[in-house]
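Since we're looking at a predicted model, the values are computed, not measured. Side chains are part of it too, since the values below use all heavy atoms of this structure and drop only hydrogens, waters and symmetry mates. Below, read A as the first sequence line, B as the second, and so on, with proteins coming before strands; counting in each chain starts at 1.
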There are 2 protein chains.
Amino acid sequence: MKDRMTPAVQMTGHTQRGQCAKRMSILDAAADVFCRQGFAGASIDEIAAVACVSRQTIYNHYREKETLFVAVVEDVMNRANAMLFSVLSTFPDRADNLEDELTAFAVRLNKNCICNHDGKFLRKLVQTEGERYPHLFESWRQQGPGKLTTALSALFGRLAHKGALAIDDFDVAARQFVALGNADLQMKILLGGTPTDEELEKAARNAVRTFLKAYGRPAEKAGHPPQLAAISG
Amino acid sequence: MKDRMTPAVQMTGHTQRGQCAKRMSILDAAADVFCRQGFAGASIDEIAAVACVSRQTIYNHYREKETLFVAVVEDVMNRANAMLFSVLSTFPDRADNLEDELTAFAVRLNKNCICNHDGKFLRKLVQTEGERYPHLFESWRQQGPGKLTTALSALFGRLAHKGALAIDDFDVAARQFVALGNADLQMKILLGGTPTDEELEKAARNAVRTFLKAYGRPAEKAGHPPQLAAISG
DNA sequence: GTAAAATTAGACGCCATTGTCTAAAACGTC
DNA sequence: GACGTTTTAGACAATGGCGTCTAATTTTAC
């Protein structure tokens, strides 16, 4: 029942560095094996082998397989949420060179939140074990994709307010932005592959072009940024 | 080694009706259990129970668990492919009322190919077992989404040739059409849910509106279909 | 009705895995 | 060097699933 989140506080100061390293090693190995084999197919022995740890040590930290699984999911969810927040903070808020800026943002989003290790893990596990652990993945649904589209919706609203975009429904536009960004990567993503940097760049470019053809202002489309940011900022 | 695909031919005529019914019952039950539990988590006993069939009967038809799994996947893939072909044949080839026709087509595509039983099964299984059976799902990749975007690409090309659309890259447009169509359904799809008819309709409407804002001809956007179909037809 | 084929229930051996237990070893602190 | 904690390797029982086998029962064709 100890709090897993406290890194090096409130303990007697005995051997928390070693313990913490073991815990992280176990969590990483378990994420790897759970992701490849699923919950039922993953064996504690394999996790122990990957983590270079005795099986007993795993049972020492996490009482049973299910406890370990829940801890792994929460750990990955926290990392993924932090990364999502970090990427969202780089959303362009000026209207100059909107196509390039949105393209770069789409690349960051896809690379660091959707096509990365944690993103693949969560998507896969949500599909395989989502029905078995509803409350666990309900929170992911709300804090992951839910938060993404909500935040993007607000950010697009800011851009539209500055006159850079002509959007009628911000929520729809946010979801479509994400969907367009993944359009060219869907197949590779489904199979578990990781797109190359060139593929990421091209996919984002195609997505943003279409997105701006649909939602860009005429001045933007012709390549004349209206420079409204200086006025409203 | 008998050919599973021949329904009632080339056998001695003994008891193929009962056998065929059993086979289908087993395949359906196995698809259900494999989809819920994954390959490792599915037990033959549960499949037998769901199929209302003795366990020995399963081993009689399919030598081992893996044989059954492969047969299930191939069966579902065949059904899904037939359905996809059928839906693709309803793609609008006239330019009148393009928005409504494309919307109705998107609804059909999502409802019958992507959000239906078989679509969810294949997507889920591709993610969970795709790495373990590469050749099996490689053919799905090529005949499923691959064939979908290829065919859609050609169909959009035909529409563009008639002057109804202004598309520079047909492949990209096809992938984006599919992606936009799923944009509003992604969350529900990931969790395994089935969208309602209203949700399907609204999602398709949003998708086609944006798609036509990006690729529609100006005349189309203003609601003046150019009536070129009569000339080129 | 009869014979052949298919199906069924149940038991069985086998193996992998889970989770516990124990004694020995390693580690860190004093 | 002593001590407490953690880790380790291995043994252990218990469970459950896979695949086989057999004998009894049902279905089907003729």
- Message: At 4.0 Å (heavy atoms only), tell me whether A:Q56 reaches a base, stays on the sugar-phosphate, or touches nothing.
- Response: base
- Which angle, rounded to 10°, do you find between the first-five-pair axis and the last-five-pair axis of the helix from C:dG1-D:dC30 to C:dC30-D:dG1? 30°
- Task: Measure the spacing between NZ of B:K111 and OG1 of B:T194 and express it to the nearest 0.5 Å.
- Result: 10.5 Å
- Task: Report the distance from atom NZ of A:K22 to atom P of D:dT5, rounded to the nearest whole Å.
- Result: 19 Å
- Note on the structure: A:L68 CG to C:dT18 P, in whole Å, measures 11 Å
- Message: Under 4.0 Å, heavy atoms only, any strand: does B:A42 hit a base, just the sugar-phosphate, or nothing?
- Response: sugar-phosphate
- Task: Measure from OH on A:Y62 to P on C:dT18 and round the result to the nearest Å.
- Result: 17 Å
- Item | Aromatic ring proximity A:Y215/A:F156, centre distance under 6.0 Å | no
- For the pair made of CZ in B:F34 and C1' in D:dG17, what is the distance, rounded to whole Å? 13 Å
- For B:D45 and C:dG10, give me the distance from atom CG to atom C1', rounded to whole Å. 12 Å
- Item | Letter per nucleotide, 5' to 3', of nucleotides 11-16 of chain C [B base touched, S only sugar-phosphate touched, - untouched; heavy atoms, 4.0 Å] | B-----
- Item | Side-chain N or O of A:H61 closer than 4.0 Å to phosphate OP1/OP2 of D:dT7 | yes
- Message: From CD of A:E64 over to C1' of C:dT17, roughly how many Å is that when rounded to an integer?
- Response: 14 Å
- Query: So which nucleotide from C:dT18, D:dT8, D:dC18 ends up closest to the side chain of A:I44?
  - Reply: C:dT18
- Does B:S43 offer a backbone N or O that forms a donor-acceptor pair with the side chain of B:E46 under 3.5 Å? no
- Task: Check for a donor-acceptor pair, side chain of A:D169 on one end and backbone N or O of A:V172 on the other, with a separation under 3.5 Å.
- Result: yes
